[in-house]
Amino acid sequence: MSPLPRRRRWRHPAAPLAVVLLWCGCRGSGEAPPPSPGLELHNRLGEQRLGEQRYALAREAFEKGLARSEDSVRAYTGLTRAYLGMGEESLAGKMLRQASRLDTGRAEVCYAGAEYCLSQYLKTHQGPLLEEALRQARRAAQISPGEKVYHYGLGNLYTHWGDLDSAEAAYCRALAVDPGLKAAGQRLASLYKYQGRPAEAEALYRRQLEGDPEDLEALCQLAILCRGEGRLDEARALLEQAVRLDTTSALAWLNLGQLYLAEGRIQEGEEALARFQALGKGDAAGLLSQAEAQPRDPRAWLRLAEVYGRDGHYTGAEEAYARALVLDPGLEAASAGLEKLKALPAQSRDGR
Amino acid sequence: MKSPLLWALCLWSCKAPVPEPAPAPVQVFVDVSRQAGLDWQHHSGGPEKWHILEAKGGGAALLDYDGDGYLDIYLVNGSSLERRDDPPWRDALFRNNGKGGFAEVTVQAGLGDTSWGMGCVAADYDNDGDTDLYLTNSGPNKLYRNEGKGGFSEVSVSAGVGDPAWSTGAAFGDYDRDGDLDLYVANYVDFDPHLQRRNRPFCQWHSVEVFCGPRSLRGAADHLYRNEGDGRFSEVTAVAGVEDRGQYYGFAVLFGDYDVDGWPDLFIANDSTPNLLYHNEGAGRFREVALQAGVAYNIEGKGQACMGAAFGDYDNDGYLDLVVTNFADDYNTLYRNLEGRFFLDVTMKAKLADKSLPYVGWGTCFLDYDHDGDLDLFIANGHAYPQIDRLRLNEETYRQPAQLFANLGDGTFGEVKGVAALRERRVSRGACYGDYDEDGDLDLLLLNLDHYPTLLRNEGAAGHWFMLRLVGRRSNRDGVGARVSLSAGGRRQVREVIAGSSFLGGQDPRVHFGLGPYARVDSLEVRWPSGAVDRLYGLEADRHLVLEEGASLR
């Protein structure tokens, strides 16, 4: 049972834009009251769970915090974000209103309001909601400049809006607060890469690798940068390290295969590209050739079926799954894939 | 003055240095569509574009159909699902009057196809000295033979190239080097509007409901037609090894000899599926090498939603590089050709990646718009989904500006900004270049969805130039596939003669070179598809020349 009484019926999505904007709103500039020592455990746990995107657990923690009289604004805003993560938008709206009633000026309220506005924007496509989300997130970051999540979230909003310069500044602020914030580092590095600033991207990937030498994403991205710069020995070493760490890294196999071929190491190159294709990331034609060359291998047909499914070629996928199951009736991935296909609406499967 | 804000403003205004006025941007291209008389509108279904077919066309071509030395314009029209059986719209041919104006001559020329048109490509497939026209449609394609007196006759059935699928890109090239032009046709999807629903998983973009993309549809296989030299073509797709076994969603088709072995290879840009690169092995056979050559996916391993494509040697190393345009939230990919062995995605290094993220790119071409001796890059943009405007995003809108990137000569490109004719937002699709006013620089033609075409006259080229039309004797008459190397001022540039490029369209059949400050071409070498090589020395710049195989200049 929800510990929160129902007060007003939330009529989303028909609620007028002005009402939604009002509820999104944080006004004032109040600081959060100092936390009562020993009473913040659940809220802290909830925020940790939010960071891990484990929204149901986050909700549980915040509800416990409320029940034990922890900082209720923080708990309500936490619940807002947890419910948004769970897709329970009307409940998220209720929580946000509760938080706003208690204190509209706190950074948590602004940030939860930003996330709520964004969710409403994605649902209703009303431009002012996105602008309001940006305003709220900016406000949250101004009130609590030491809170990395607000800067990171603001960066994501700017990216969504298409303002990459402001996104860069926001990610930089997040990293200034916490240089180890991996998500912000990755986003910023990617942004630098796209802007043709390889040295800055490289510095960030290297910093990530200092923190975690087995960071696969950083290894691959750094290798790609090195390839682009013509530092092929370095790129090769990074990619070889990546495939040693994770033999299922399609991106590493693709780049490694092409690098070997460019160096004239034909057999190694072909083998690496075959690994790339075998991971189901390859093209359907290549996988069809492989399956036809090994017609008794159920996994070859399974890989083909998965790529057909990915490409929307559902009849082909169905046939390939069926062939895989004839060869190995116990192949669970094939049964599951076939079931998934059958669950698609009839027109979706026939409308090709 | 009590308000703190006003005080702050005052203090700022007192201390701030007076900014220098920004120099007025040079209007390198000027929109002359209206005065040129291109009074014709493209139509493609309803304004909401609830079906994929309504959003994908169409193309345009610059061709000299009447042989008067001036480029004419062919524009491909769409249709609507409701009026497909009784279409009120048709394609159009506009004749260049040689004074900067055009007049529609569609009916007089025996043209005016009313199919749901997609693209067009022009070339002299029957080697009779005039330019023929091939049209791709959603429905049977059309081949129009130029009868030589300003009129065309439709010969699709007798020629055997009336491909009934939904065709998109097409290109002519002499893949078997037998002296006549063969034809490759890319097909997109099997489309039945009655079966395409709107509310399937692939029918959202940024959470807005939009038409279903190709992934919900079966891809249609491409076809290669060999010219038999007697007016007929034979379908040789399987024999030649270009079967498109994955039935990818084909768009742009390019013939080009990327490894400089003398045999034209074939690149197909596919939407949402890996691209294809067929290496010509000689003896009428190709081998698919896109994955190995590095152009199936971008460097991040992503099969992109590719639309248009163009070959061009932007780094003047003698090898054809490749540009492919893509969907929004992704970048248009620049592949640098590494000595004919491999392509490397250098988009980020070239400082092009972030520039295209909000835009959906279609037509594209390499052209030396400023005559500085290296190839610049043009991209026509326009979103696929009108619904995107509801999101009020910063730049990702339905109508989008075109983009011109100047080659900075160090492997990077800089966007040419402040040009009003480029900044204007349109929903462009096809884009082609050509010197329609015979002033020696390259102009641009855009086909805009549901709108008037745009003709952009080049007014920004300052340096010297050189243009060459080839006439084959043993080779195909248009010299398609010929490789032209020019040296001026110690710089060597290479072009290939093409028929079919960009997005669903055709370019000026001549090759164009910017020479910068050099008023003289030191040497010119033409390697013809027949294998013959012609060399000329000490030519004056700023001239349109015609070279017949065997080195006789006109």
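Protein chains get the first letters and strands the later ones, always in sequence-line order, with residue 1 at the start of each.
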Side chain to side chain contact (heavy atoms under 4.5 Å, CB included), that's the test. Do B:Leu291 and A:Gln277 meet it? Break it down for me. CA-CA 10 Å; B:Leu291 181 61; A:Gln277 290 203 303; 3.8 Å; yes
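- If you measure heavy-atom distances from A:Asp163 to chain B, the contacts under 4.5 Å come from both the backbone and the side chain.
- If you tally non-hydrogen atom pairs under 4.5 Å between each of B:Leu357, B:Val189, B:Asp389 and chain A, the highest count goes to B:Leu357.
- Contacts of A:Leu254 with chain B are made by side-chain atoms alone, with heavy-atom separations under 4.5 Å and no backbone atom involved.
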Pair A:Gln195-B:Lys351, side chain to side chain contact (heavy atoms under 4.5 Å, CB included): steps then yes or no: CA-CA 6 Å; A:Gln195 288 179 330; B:Lys351 298 190 185 295; over 6 Å; no
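- Looking at B:Gln292, the atoms closer than 4.5 Å to chain A (heavy atoms on both sides) sit in the backbone and in the side chain alike.
- When atom types are taken as modelled, the side chain of A:Asn255 and the backbone of B:Ile299 share a donor-acceptor pair closer than 3.5 angstrom.
- Although no hydrogens or angles enter the test, the distance criterion places a donor-acceptor pair under 3.5 Å between the side chain of A:Tyr121 and the main chain of B:Leu391.
- Between atom CG of residue A:Leu225 and atom CE of residue B:Met348 there is a gap of 8.0 Å, rounded to the nearest 0.5 Å.
- The two residues A:Ala262 and B:Phe342 have their closest heavy-atom pair at CB-CG, 4.2 Å.
- For B:Glu300, the parts sitting under 4.5 Å from any heavy atom of chain A are the backbone and the side chain alike.
- A:Glu263 CD to B:Arg341 CZ: the interatomic distance, rounded to the nearest 0.5 Å, is 9.5 Å.
- Heavy-atom distances place the side chain of B:Leu344, and not its backbone, under 4.5 Å from chain A.
- Other residues, nucleotides and ligands place no more than 12 heavy atoms under 6.0 Å from the CZ atom of B:Arg399.
- At a 4.5 Å heavy-atom cutoff, the contact between B:Arg390 and chain A is made by backbone and side-chain atoms alike.
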